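Beneath this line is the structure, given in structure tokens, with notes to follow.
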2 protein chains.
Amino acid sequence: MKNTGDRRRTIYDVAKAAGVSISTASNALNDTGRTNAETRERVRRVAEEIGFRPNALARGLLSKRSHAIGMLTNDTYGRLTLPMAAGVSEVLVDHGVSVFLCATNNDPRLAQLHLEALLDRQVDGIIFTATRLDLTPPVQLSRLPIPVVYVFAEGPADSVTFFPDDEQGARLAVDHLKELGRSRILHITGPRDYLAARIRAQSYLDACGDGAEAMFGDWSEEWGHEAVQSVFARPGAKPDAIFCGSDEIARGVIDALRDLNVEIPTDVAVVGFDNWEVVARQTRPPLTTIDMELKELGHRAGLAILSLSKGEPVPAGITKLPCRLVVRQSCGSPLQSG
Amino acid sequence: MKNTGDRRRTIYDVAKAAGVSISTASNALNDTGRTNAETRERVRRVAEEIGFRPNALARGLLSKRSHAIGMLTNDTYGRLTLPMAAGVSEVLVDHGVSVFLCATNNDPRLAQLHLEALLDRQVDGIIFTATRLDLTPPVQLSRLPIPVVYVFAEGPADSVTFFPDDEQGARLAVDHLKELGRSRILHITGPRDYLAARIRAQSYLDACGDGAEAMFGDWSEEWGHEAVQSVFARPGAKPDAIFCGSDEIARGVIDALRDLNVEIPTDVAVVGFDNWEVVARQTRPPLTTIDMELKELGHRAGLAILSLSKGEPVPAGITKLPCRLVVRQSCGSPLQSG
DNA sequence: TTTTTCTGCTAAAAGCTTTTATCATGAATC
DNA sequence: GATTCATGATAAAAGCTTTTAGCAGAAAAA
């Protein structure tokens with residue numbers, strides 16, 4: 001007889017069926033107060049039998065913790081957001097915390113609406129995420145009565161923020177190329193006004209020293225193509241490796257190299273950035289690239305907001321999570337190239 | 001003096017500040033009962049001043065409607081889910097309804113956990129979405145006390161389900177090619193065990209009649225490439241148009257054609273399916289393709305679950321939403337080709 | 001035996017809102 | 001002047017849970 005009635009079972013039903021008071025039922029179920037072991041077991045069995053599940057609304061109303069958080073994103077496309085959101089949700093579901101997803105489309109009115117809805121719902125915290133590091137939220141998040149964590153987005157100075165470690169990621173790519181014996185490494189990346197592009201480029205320049213060249217453009221395949229054409233058209237030594245600021249750019253680079261009959265990886269090795277599987281797996285040859293560990297970023301943000309919502313201290317400032325090198329075939333193996 | 005205290009303002013604070021009772025305050029704010037116009041205004045002004053916002057938990061507890069819904073997805077990647085989720089959220093936020101996003105990763109345990117959490121939260125309904133039409137949920141959704149809507153996923157016979165109209169979408173593609181004077185149209189698509197692939201293929205065969213050929217394979221670029229190579233390697237007439245089952249396949253097709261020095265669109269026109277902008281915009285030439293209107297699908301699903309949760313009737317069965325042709329440059333214009 | 005301590009349980013309050021039923025008050029009707 | 005009516009306000013209940021304070025009974029200590 002599992003909850004066949006039309007109305008949800010309440011703790012009152014449990015108490016009645018077990019022949020105890022409501023408080024005893026509550027104590028038995030939550031292991032609070034003093035309860036006889038035998039009674040406790042009976043209450044629990046009855047609760048199970050009639051399919052009792054506590055009402056999260058009533059619980060939240062009393063405890064002032066709703067065990068829900070809001071995730072505010074201004075990414076419409078979802079390539080970055082969904083893996084992070086899945087990571088957040090995955091790590092929190094085991095703590096009984098659910099996630100409201102709010103897509104703001106970067107529209108301040110929509111963002112404000114979502115924010116108010118979240119506050120009305122007494123969420124325990126908010127995770128703000130964007131599609132780029134240096135984008136501030138479309139709505140004021142700084143004077144909120146609940147904690148806020150920023151992931152892949154710029155927060156105020158003293159806020160808790162998680163970034164992928166673009167500097168380390170870029171170094172990973174360059175070091176990999178160097179280990180394979182490449183020395184003339186070129187960097188083709190996105191627009192200079194993207195913080196991530198600047199960080200990666202600087203890291204590349206620091207690692208490669210003299211002769212290094214970073215070409216800024218768009219986050220597009222077209223730009224990768226165009227950049228390679230211009231580099232191979234001009235006189236002078238040609239690069240033997242290209243480190244790209246994104247997988248899309250890498251894709252354009254690979255296409256252009258093929259058009260020029262340049263062999264990959266024999267003549268030129270290519271490394272991408274993003275590990276956007278659907279692109280990186282499909283290039284010919286499959287692309288060696290840098291994974292930003294978006295899901296892990298989500299895990300960390302989720303745990304951070306969880307701690308903050310419990311009042312536990314979390315170190316403020318920017319935490320950079322290491323990227324991971326994913327080796328496929330666009331650089332060759334050390335053996336091949338050696 | 002906007003809520004500078006440490007605790008949220010309640011209706012009790014409003015009542016006190018306005019010098020009325022709690023019930024009067026509630027009536028004034030919600031336009032219920034009988035209230036003097038002057039009192040009503042005063043209460044509202046005070047509420048605004050002290051920054052009162054009703055507690056959704058208390059409200060939901062009483063009304064038994066939480067004004068929240070759950071969205072259960074088994075898509076890890078997010079290319080389909082996030083646009084739909086954004087659509088759902090966008091249409092519901094104006095009705096004061098928020099969306100819990102639950103990524104199940106197709107793991108029954110995780111799905112069960114999420115489902116229970118949603119029920120505990122008294123959500124007003126659940127939207128289940130998958131990455132393919134013929135995938136059933138990883139958890140039992142049929143005997144729930146709340147309505148369920150299926151989007152882009154297979155539901156039980158009498159359920160409310162929304163699909164993109166693959167048949168019409170395929171016809172849109174074929175008709176477009178025919179209008180441009182193409183007659184030998186080939187279809188390269190994904191695995192035969194995907195319902196969507198079968199529907200699109202059948203629609204194509206119906207529209208093209210004799211000589212039409214549908215090649216089933218993978219949803220990958222590689223397969224598109226491979227298929228083109230084999231077709232152009234065998235003797236006989238070559239196609240003057242290729243309708244692809246996905247943009248990724250189309251991308252492989254375009255690459256292969258370029259390798260073969262076949263001009264696009266002069267020699268062969270190409271149409272894709274998905275309007276996955278990041279792919280479709282980046283092919284050379286940019287891809288004419290079919291958009292499944294995922295956001296609109298989300299809108300409709302959101303409105304359906306809203307109606308159902310209010311007890312309003314919603315026609316059961318599968319509703320197919322029309323796809324849209326997005327013309328770029330991979331088919332040429334009627335003028336060019338005419 | 002009387003007092004203290006412990007055990008197991010319970011009544012009641014609190015959390016915040018909406019709704020129902022009730023209560024004054026002044027105006028209108030008889 | 002007595003009765004009805006309409007108005008504007010209010011007290012209290014309901015929704016479901018957890019927690020606090022307290023109560024009875026039994027066991028232990030005096």
Side-chain angles (χ1 to χ4, degrees), chain A residues 3 5-44 46-47 50-68 96 119-124 145, chain B residues 3 5-44 46-47 50-68 96 119-124 145:
Chain A
N3 192 0
D6 47 352
R7 133 188 160 288
R8 275 185 75 110
R9 301 311 172 129
T10 72
I11 199 166
Y12 180 81
D13 298 317
V14 177
K16 206 169 78 174
V20 294
S21 75
I22 298 183
S23 357
T24 304
S26 174
N27 280 331
L29 292 171
N30 300 317
D31 249 336
T32 54
R34 291 185 294 247
T35 10
N36 184 317
E38 194 270 332
T39 316
R40 189 164 55 238
E41 280 319 304
R42 178 158 42 90
V43 169
R44 289 188 175 176
V46 166
I50 68 174
F52 166 76
R53 308 235 57 205
N55 183 324
L57 262 38
R59 221 177 212 181
L61 180 57
L62 191 55
S63 68
K64 299 191 168 244
R65 295 200 50 221
S66 64
H67 290 272
L119 292 174
D120 292 354
R121 295 206 141 74
Q122 318 285 112
V123 292
D124 300 334
Chain B
N3 191 1
D6 46 353
R7 136 190 157 287
R8 276 187 73 110
R9 302 312 172 127
T10 72
I11 198 166
Y12 179 80
D13 298 318
V14 177
K16 204 169 79 172
V20 294
S21 76
I22 299 184
S23 356
T24 303
S26 175
N27 280 330
L29 292 171
N30 301 316
D31 250 336
T32 54
R34 290 186 295 247
T35 9
N36 184 316
E38 194 270 331
T39 315
R40 189 164 54 238
E41 280 319 307
R42 178 158 42 89
V43 169
R44 290 189 174 175
V46 166
I50 69 175
F52 166 75
R53 306 238 54 204
N55 182 325
L57 262 39
R59 222 178 211 180
L61 180 56
L62 192 55
S63 68
K64 298 190 168 246
R65 296 200 51 219
S66 64
H67 290 272
L119 292 175
D120 292 354
R121 295 206 140 73
Q122 319 285 112
V123 292
D124 300 334

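This one's a predicted model, so the numbers in the text were calculated from it and none came from an experiment. Chain naming here is simple, since letters A, B, ... match the order of the sequence lines and numbering starts at 1 in each.
Residues A:Q122 and A:L61 form no side-chain contact, since every pair of their non-hydrogen atoms from C-beta on lies 4.5 Å or further apart. Under the 4.5 Å side-chain criterion, counting only non-hydrogen atoms from C-beta, A:L29 is not in contact with A:R40.
Residue A:Y12 contributes atom OH, which lies 13 Å from atom P of C:dT10 at whole-angstrom precision. Computed from coordinates, the A:L29 CG to C:dC9 P distance equals 13 Å when rounded to whole Å. Atom CG in A:N36 sits about 15 Å away from atom P in D:dA26, given to the nearest Å. Whole-Å rounding puts the A:D31 CG to C:dG8 P distance at 13 Å. Put simply, CZ on B:R65 is 16 Å from C1' on D:dG15, counting in whole angstrom units. Atoms CG (B:N55) and P (D:dT17) sit 17 Å apart, rounded to a whole Å. Summarising the geometry, the separation between CD on B:E38 and P on D:dT7 is reported as 18 Å, rounded to the nearest angstrom. Computed from coordinates, the A:I22 CD1 to D:dT20 P distance equals 17 Å when rounded to whole Å.
Note on B:L57: nothing from the nucleic acid sits closer than 4.0 angstrom, heavy atoms only. Heavy atoms of A:T24 sit under 4.0 angstrom from at least one base atom.
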Inset, instruction - Mind running side-chain hydrogen bond (donor to acceptor under 3.5 Å, both in side chains) on A:S23 and A:S26 for me, showing each step along the way? - result: CA-CA 5 Å; A:S23 357; A:S26 174; over 6 Å; no
Inset, instruction - Begin from the C-alpha positions of A:N27 and A:T32 and carry the test side-chain hydrogen bond (donor to acceptor under 3.5 Å, both in side chains) through to its verdict. - result: CA-CA 5 Å; A:N27 280 331; A:T32 54; 2.7 Å; yes
Inset, instruction - Please lay out, stage by stage, how B:R42 and B:V20 fare under the test side chain to side chain contact (heavy atoms under 4.5 Å, CB included). - result: CA-CA 10 Å; B:R42 178 158 42 89; B:V20 294; 4.2 Å; yes
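Here B:R59 reaches the OP1 or OP2 of C:dT18: one of its side-chain N or O atoms lies under 4.0 Å away. Between A:S23 and D:dT18, a side-chain N or O to OP1/OP2 separation shorter than 4.0 Å is absent. Taking only side-chain nitrogens and oxygens, A:N27 never comes nearer than 4.0 Å to OP1 or OP2 of C:dG8. Applying the 4.0 Å criterion to OP1 and OP2 of C:dC9, one finds that A:T39 has a side-chain N or O inside that range. The side chain of A:S26 contributes no N or O atom lying less than 4.0 Å from OP1 or OP2 of D:dT17. For A:N30, a side-chain nitrogen or oxygen approaches OP1 or OP2 of D:dT18 to under 4.0 Å. A sub-4.0 Å separation between OP1 or OP2 of C:dA14 and a side-chain N or O of A:K64 is absent.
Minimum atom distance to the side chain of A:L61 is reached by C:dG15, of the listed C:dG15, C:dT17, C:dC9. Here the side chain of A:V20 is nearest to one of C:dT10, D:dT7, D:dG15, namely C:dT10. With C:dC9, C:dC16, D:dA9 as the candidates, the nucleotide lying closest to the side chain of B:A58 is C:dC16. If you check C:dT22, D:dC16, C:dT17 against the side chain of B:P54, the one that comes closest is C:dT17.
With the nearest nucleotide of DNA chain C identified for both B:I11 and A:L62, A:L62 has the one nearer the 5' end. Two residues, A:T10 and A:R34, neighbour DNA chain D, and the one matched to the more 5' nucleotide by heavy-atom proximity is A:T10.
Salt bridge absent: B:K64 and B:D124 never bring a charged side-chain N and a carboxylate O closer than 4.0 Å.
The base of D:dA9 lies outside donor-acceptor range of the side chain of B:S21, with no N or O pair under 3.5 Å.
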